[in-house]
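The model shown is predicted, which means the values in this text are computed figures rather than measured ones.
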Amino acid sequence: MANKGPAYGLSREVQQKIDQKYDNDLETILVQWIKAQCGTHAGSFDGQGKSAVQVWLKDGTVLSHLINSLAPGSIAKVQTSAMAFKQMEQISQFLKACERYGIPASDLFQTVDLWEGKDMASVQRTLMNLGGIAVTKGDGYFRGDPNWFPKKSQENKREFSQDKLKEGQNIIGLQMGTNKGASQSGMTGYGMPRQIL
């Protein structure tokens, strides 16, 4: 980030729109959850705002401890390093572990979104999805208030007998509509003007 100057024109407008998606109330919930979930591994977080959260999560160790607390052994080796590529590698391992945990790849943030602080709102969305899946699984690893996260919907598969399926073929649902009372009287040929008397 130190080598990058300020954005101008369209780039600046796009970055401002991305920055507006960041939710400070959601930040408070996520910080509370990460501290409750990771315990002593969460480190110290005293600041407030997206830049403070970015600095706290940037090296990937807190995120790695987070996913390991939900699914033990997800990341075998959590490394603390000051080197940029090692930190980005740690974030990438977290994202791969999240995908194995059940978050769709389309809901994951990109490594640079966190490391460079370009799109912290997408980081929030990923963490919200992670919390939601952890609450839904109900495997006992989730710590914190389950009301912080929406539960993910689960499959509700139903089996119908052949008799019931045949019965359903005879019923015309109201969604399909009806043709009672419909006729073509008063229709004119295509391209002819409508006769108003």
Side-chain angles (χ1 to χ4, degrees), residues 17-45 47-50 52-80 87-115 117-161 164-165 168 175:
K17 281 188 178 184
I18 291 171
D19 291 344
Q20 288 173 353
K21 293 179 183 177
Y22 189 81
D23 187 353
N24 290 319
D25 296 333
L26 183 56
E27 171 196 311
T28 306
I29 291 171
L30 290 173
V31 168
Q32 286 177 342
W33 174 56
I34 291 171
K35 284 182 174 181
Q37 189 69 41
C38 294
T40 58
H41 294 294
S44 62
F45 177 76
Q48 192 173 17
K50 69 179 180 179
V53 172
Q54 188 254 343
V55 169
W56 182 45
L57 301 177
K58 181 178 178 177
D59 66 353
T61 55
V62 174
L63 294 175
S64 298
H65 287 299
L66 177 65
I67 193 68
N68 276 342
S69 69
L70 294 171
S74 294
I75 298 176
K77 190 174 181 185
V78 180
Q79 302 174 348
T80 305
Q87 292 177 350
M88 292 176 88
E89 183 181 339
Q90 197 74 40
I91 295 169
S92 295
Q93 288 179 359
F94 165 75
L95 293 172
K96 288 177 189 167
C98 283
E99 199 168 354
R100 287 192 302 270
Y101 192 67
I103 297 178
S106 60
D107 290 343
L108 296 174
F109 63 88
Q110 300 293 315
T111 303
V112 293
D113 291 342
L114 172 60
W115 202 83
K118 286 188 180 259
D119 190 1
M120 291 301 291
S122 67
V123 175
Q124 284 185 325
R125 284 191 300 274
T126 299
L127 292 173
M128 278 299 290
N129 284 327
L130 181 62
I133 289 175
V135 168
T136 304
K137 281 191 174 188
D139 53 8
Y141 289 115
F142 178 82
R143 290 189 286 274
D145 187 355
N147 296 323
W148 286 339
F149 303 101
K151 267 189 161 183
K152 299 286 181 186
S153 60
Q154 295 178 325
E155 185 179 37
N156 186 7
K157 197 169 185 176
R158 297 180 180 148
E159 297 291 330
F160 294 104
S161 65
K164 204 60 154 169
L165 290 172
Q175 287 180 335

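Heavy atoms only, all atoms of each residue included: E27 and G49 are closest at OE2-N, 3.0 Å. The two residues S122 and D119 make their nearest non-hydrogen contact at OG-O, 2.8 Å. Here the closest heavy-atom approach between residue F142 and residue G131 is recorded as CE1-O, 4.3 Å. Nearest approach of L95 to F109, heavy atoms of both residues: CD1-O, 3.3 Å. Nearest heavy atom pair, residue W115 against residue Q54, reads O-NE2, 2.8 Å. When all heavy atoms of S74 and A97 are compared, the closest pair comes out as CB-CB, 3.9 Å.
Going from atom CE of M88 over to atom CG of D59 covers 13.0 Å, rounded to the nearest 0.5 Å. In this structure, the separation between CG on L70 and CD on Q37 is 4.5 Å, given to the nearest 0.5 Å. Between Q124 atom CD and D113 atom CG the span is 12.5 Å, to the nearest 0.5 Å. Put simply, CG on L127 and CE on M120 are 8.5 Å apart, with the number rounded to the nearest 0.5 Å. Within the model, atoms CG of L114 and OG1 of T126 stand 9.5 Å from one another, a figure rounded to the nearest 0.5 Å. Of the inter-residue distances, the one linking R125 atom CZ with D107 atom CG reads 8.5 Å to the nearest 0.5 angstrom.
In this structure, E99 contributes its side chain and P104 its backbone to no donor-acceptor pair below 3.5 Å. Side-chain atoms of Q79 never come within 3.5 Å of backbone atoms of Q90 as a donor-acceptor pair (strictly under, hydrogens ignored). In this structure, the side chain of S69 does not engage the main chain of Y141 through any donor-acceptor pair within 3.5 Å. N68 places a side-chain N or O within 3.5 Å of a backbone atom of I75 that can act as its donor or acceptor partner.
The environment of CD in Q48 is sparse: at most 12 heavy-atom neighbours from other residues, nucleotides or ligands sit within 6.0 Å. Taking a 6.0 Å sphere around CD of Q110, one finds it holds 12 or fewer heavy atoms contributed by other residues, nucleotides or ligands. Heavy-atom neighbours of K96 NZ from other residues, nucleotides or ligands within 6.0 Å: at or below the threshold of 12.
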For this session: Show your working on side chain to side chain contact (heavy atoms under 4.5 Å, CB included) between L30 and F149 and close with a plain yes or no.
Result: CA-CA 10 Å; L30 290 173; F149 303 101; 3.9 Å; yes
Problem set entry | From CA spacing to verdict: side chain to side chain contact (heavy atoms under 4.5 Å, CB included), L130, W33 | CA-CA 11 Å; L130 181 62; W33 174 56; 4.1 Å; yes
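Under the 3.5 Å distance criterion, with hydrogens and angles disregarded, a donor-acceptor pair is assigned to the side chains of S92 and T111.
No side-chain heavy atom of K77 sits under 4.5 Å from any side-chain heavy atom of S64.
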